[in-house]
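Please read the structure below before turning to the comments.
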Amino acid sequence: MSDLPRRRDDHEPTFLPPLSEVELHIPDTPLMAPEPEPGKPIIRAVPHAGELNPRGIVITCEHCKARRDWLLLNFGDQVFVRCRCSHEWPERDLTVDYFDQHYSHPEKVWDDFDTAMTSAGYDGTFAGIYFN
């Protein structure tokens, strides 16, 4: 190895000009999802990998007997549980407050419910499979 200093060029990070405050701006809030179209229902969804037992008894899908890896859906004042086999039911023991504890902000907006369920993996394609 040579004792000569290594040659640097203008493209190395140490020689790049500093960013201005405008280029360095980081927003204080997360990016907002677009506003829904007027008249279109809003259904919030959040995955729930673990078991649900609001009554002290583990909730089980009556179609495929799954015990975990749910999609919780909130529409109005109701919370629904959806299984990977695509079976869905209103779960009266899960409240909107419980849903809100697990929901933070929209990460994705879909044009329709079927596309959302397919994209999230709750359309029946992955019936019997646990991802978490």
Side-chain angles (χ1 to χ4, degrees):
M1 246 188 158
S2 171
D3 290 334
L4 296 175
R6 197 176 109 203
R7 183 174 177 271
R8 296 181 183 248
D9 61 46
D10 290 339
H11 297 291
E12 288 193 28
T14 55
F15 288 96
L16 293 176
L19 294 174
S20 70
E21 288 185 29
V22 173
E23 294 171 318
L24 190 59
H25 177 71
I26 300 171
D28 295 334
T29 56
L31 297 175
M32 300 304 292
E35 289 293 319
E37 294 176 25
K40 205 171 192 183
I42 298 174
I43 301 173
R44 301 185 305 158
V46 64
H48 191 284
E51 294 180 339
L52 290 168
N53 57 356
R55 295 164 277 169
I57 300 169
V58 175
I59 292 174
T60 305
C61 174
E62 53 183 63
H63 284 231
C64 73
K65 308 302 181 212
R67 298 171 53 98
R68 61 185 178 91
D69 199 13
W70 309 111
L71 185 65
L72 303 181
L73 303 166
N74 169 235
F75 179 70
D77 62 351
Q78 289 187 304
V79 175
F80 295 81
V81 176
R82 187 168 178 107
C83 181
R84 292 248 179 225
C85 76
S86 79
H87 179 58
E88 177 181 313
W89 65 95
E91 185 55 59
R92 309 247 182 266
D93 293 321
L94 294 178
T95 64
V96 175
D97 288 336
Y98 179 85
F99 181 90
D100 287 340
Q101 290 173 8
H102 295 28
Y103 183 86
S104 59
H105 63 279
E107 294 178 9
K108 178 79 175 149
V109 176
W110 288 278
D111 291 333
D112 62 79
F113 185 78
D114 291 335
T115 303
M117 294 304 101
T118 300
S119 297
Y122 289 88
D123 64 340
T125 302
F126 300 112
I129 298 174
Y130 291 131
F131 285 106
N132 299 348

Next item on the list: Carefully, step by step, assess W70 and L94 under the rule side-chain contact (heavy atoms from CB on, under 4.5 Å).
Entry: CA-CA 13 Å; W70 309 111; L94 294 178; over 6 Å; no

Next item on the list: Could you go through the side-chain contact (heavy atoms from CB on, under 4.5 Å) check for L72 and L52 one step at a time?
Entry: CA-CA 10 Å; L72 303 181; L52 290 168; 3.7 Å; yes

Margin query: Please determine whether side-chain contact (heavy atoms from CB on, under 4.5 Å) holds for the pair Y98 and E91, giving the CA-CA distance in whole Å, both sets of side-chain angles, and the decisive distance to 0.1 Å.
Written below: CA-CA 12 Å; Y98 179 85; E91 185 55 59; over 6 Å; no

Checklist line | Stepwise side-chain contact (heavy atoms from CB on, under 4.5 Å) test for M117 and L73 | finding: CA-CA 11 Å; M117 294 304 101; L73 303 166; 4.2 Å; yes

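The distance from the CH2 atom of W89 to the CZ atom of R82 is 10.5 Å, given to the nearest 0.5 Å. Interatomic distance, S119 OG to K108 NZ, rounded to the nearest 0.5 Å: 6.5 Å.
A distance-only check finds no donor-acceptor pair linking the side chain of R67 to the backbone of E51 [under 3.5 Å]. Remark: the backbone N or O of A116 is not paired with any side-chain donor or acceptor of Y122 at under 3.5 angstrom.
Looking at every heavy atom in both residues, C83 comes nearest to A66 through SG-CB, 3.8 Å. Heavy-atom minimum distance, R84 versus A120: NH1-O, 3.3 Å. Taking every heavy atom of both residues into account, V96 and Q78 meet most closely at CG2-N, 4.3 Å.
Looking at P54 and I59, their side chains come closer than 4.5 Å, going by heavy atoms from C-beta outward. Counting heavy atoms from C-beta on, the side chains of H102 and N74 never come closer than 4.5 Å.
Other residues, nucleotides and ligands contribute more than 12 heavy atoms inside 6.0 Å of the CZ atom of R55.
Legend: residues meeting side-chain hydrogen bond (donor to acceptor under 3.5 Å, both in side chains) with T115, ordered by chain and number and at least two apart, are D112.
The cluster map of Ile, Leu, Val, Met, Phe, Trp and Tyr, joined by side-chain heavy atoms under 4.5 Å apart, puts I43 and L71 in the same cluster. There is no path of hydrophobic side-chain contacts, each under 4.5 Å, that joins W110 to I42.
With no hydrogens or angles considered, no side-chain donor-acceptor pair links T95 and D97 at under 3.5 Å.
A parallel orientation is assigned to the rings of F99 and Y103, their planes being inclined by less than 30° (bins at 30° and 60°).
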